[in-house]
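Working notes for the structure below.
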2 protein chains.
Amino acid sequence: MTSDDLAKCLGTNPVVVRRSMGFLRQAGIVASDRGHAGGWRITADLSVVSLRQLHDALGEPALFAVGNRNELPDCLVEQTVNAALDQSFAEAEALLLKRFGEITLADLAADFTLRHAARRNQKET
Amino acid sequence: MTSDDLAKCLGTNPVVVRRSMGFLRQAGIVASDRGHAGGWRITADLSVVSLRQLHDALGEPALFAVGNRNELPDCLVEQTVNAALDQSFAEAEALLLKRFGEITLADLAADFTLRHAARRNQKET
DNA sequence: TTTCATGTAACATCAATAGTTATGATTCGC
DNA sequence: GCGAATCATAACTATTGATGTTACATGAAA
């Protein structure tokens, strides 16, 4: 599939698609071919690639909307609050990454198939 | 304490302080006095106010850095991905809010006291 | 009545993300 | 080989949300 077509599906720009797909290529999940009839291909086994791997491949972007203003503040109040929040966020992050690790692209494909069939049935009724 | 003094401590602007403190006042956690010798007072019992309550009082701002582009997309792929992520995020959010509910301002005050004593000892040595 | 505060609206700034344009490099079909 | 299709990438622009600022009104105390 070309970046142009993907961009249309995603409602965005082909360059934006290439930016993200480039990371997935570095991780060996997809490959790209230049020139005529080129575009993107999935190279990995869907049952092996987890959401966790995609997250890692995309540079482990921040999961939480908030974070410490300073990692090592002089202010003792700030240190105290940071410590309390760090602990809670670390637990939540660990759980989130664990769940991401349990969901593979094959799982999503299977769920998609169910949804697809359900929609088709609905149309026939 | 005045908004001006708080702003200096926080390295920000007094109006920004008032914006946030206004929410805490609505929740009954602090009170403000105008005029001479006015400013902000804590009105709640420190052992009763949890981080969860602060979070709620401040309007339950988003905890996660990512979210669904559309809540109810037509696209079946998007629906599939949303469902998978929603589940994981819901679990992580529940855990996070639970932890926030377990931490009170009194807990933070106690931890601060320890850190304060530790710093003092370090200076004496 | 002057001074010190908060309350609040309106505006400005900043940073991060997303989007765009432009150009170069590669591949395939003819 | 030539030209069209496609990715690669740098540079620039636009958008958005959070934050910061200014200005002015209101209220309370000395």
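Letters go in sequence order (proteins before strands), and every chain restarts at 1. Values below: every heavy atom of this structure, side chains too, minus hydrogens, waters and symmetry copies. Here the structure is a predicted model, which means the values were calculated and not measured.
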Can you tell me the distance, in whole Å, between the [atom1] atom of [X] and the [atom2] atom of [N]?
| X | N | atom1 | atom2 | result |
| --- | --- | --- | --- | --- |
| Met21(A) | dC7(D) | CE | P | 10 Å |
| Asp33(B) | dA29(D) | CG | C1' | 11 Å |
| Arg18(A) | dT23(C) | CZ | P | 16 Å |
| Arg41(B) | dA28(D) | CZ | P | 13 Å |
| Arg34(B) | dG27(D) | CZ | P | 6 Å |
| His36(B) | dG27(D) | NE2 | C1' | 14 Å |

Please list every donor-acceptor pair under 3.5 Å in which a side-chain atom of residues 75-85 of chain B meets a protein atom from a residue at least two apart or in another chain.
| from | atom 1 | to | atom 2 | distance (Å) |
| --- | --- | --- | --- | --- |
| Glu78(B) | OE2 | Asn70(B) | ND2 | 2.9 |
| Gln79(B) | NE2 | Pro73(B) | O | 2.8 |
| Thr80(B) | OG1 | Leu76(B) | O | 2.8 |
| Asn82(B) | ND2 | Asn70(B) | O | 3.0 |

Indicate whether OP1 or OP2 belonging to dA8(D) is found under 4.0 Å from a side-chain N or O atom of Ser32(A).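 Yes, within the criterion.
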Kindly say if Ser3(B) contacts the phosphate of dT6(C), meaning a side-chain N or O under 4.0 Å from OP1 or OP2. yes
What donor-acceptor contacts under 3.5 angstrom involve side-chain atoms of residues 10-23 of chain B, with partners at least two apart or in another chain?
| from | atom 1 | to | atom 2 | distance (Å) |
| --- | --- | --- | --- | --- |
| Asn13(B) | OD1 | Val15(B) | N | 2.9 |
| Arg18(B) | NE | Ser3(B) | OG | 3.4 |

Determine the contact category for Gly38(A): base if any of its heavy atoms lies under 4.0 Å from a base atom, sugar-phosphate if only primed atoms, P, OP1 or OP2 are that close, otherwise nothing.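 Touches sugar-phosphate only.
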Looking at dC7(D), dA29(D), dT6(C), which one has an atom nearest to any side-chain atom of Trp40(B)? dT6(C)
Electrostatic pair Arg120(A)-Glu124(A), nearest N-O below 4.0 angstrom: no
State, with a plain yes or no, whether a side-chain heavy atom of Leu95(A) is found less than 4.5 Å away from one of Leu96(B).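 Side chain of Leu95(A) against side chain of Leu96(B), heavy atoms only: no contact under 4.5 Å found.
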Do Leu63(B) and Phe89(B) come within less than 4.5 Å of each other through their side chains, counting heavy atoms only?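 Not in contact.
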What one-letter contact string describes nucleotides 15-20 of chain C from 5' to 3', where B marks a base within less than 4.0 Å of any protein heavy atom, S marks contact via sugar-phosphate atoms alone, and - marks no contact? ----BB
Derivation of the side chain to side chain donor-acceptor pair (under 3.5 Å) call for Asp4(A) and Thr2(A): CA-CA 5 Å; Asp4(A) 265 314; Thr2(A) 67; 5.3 Å; no
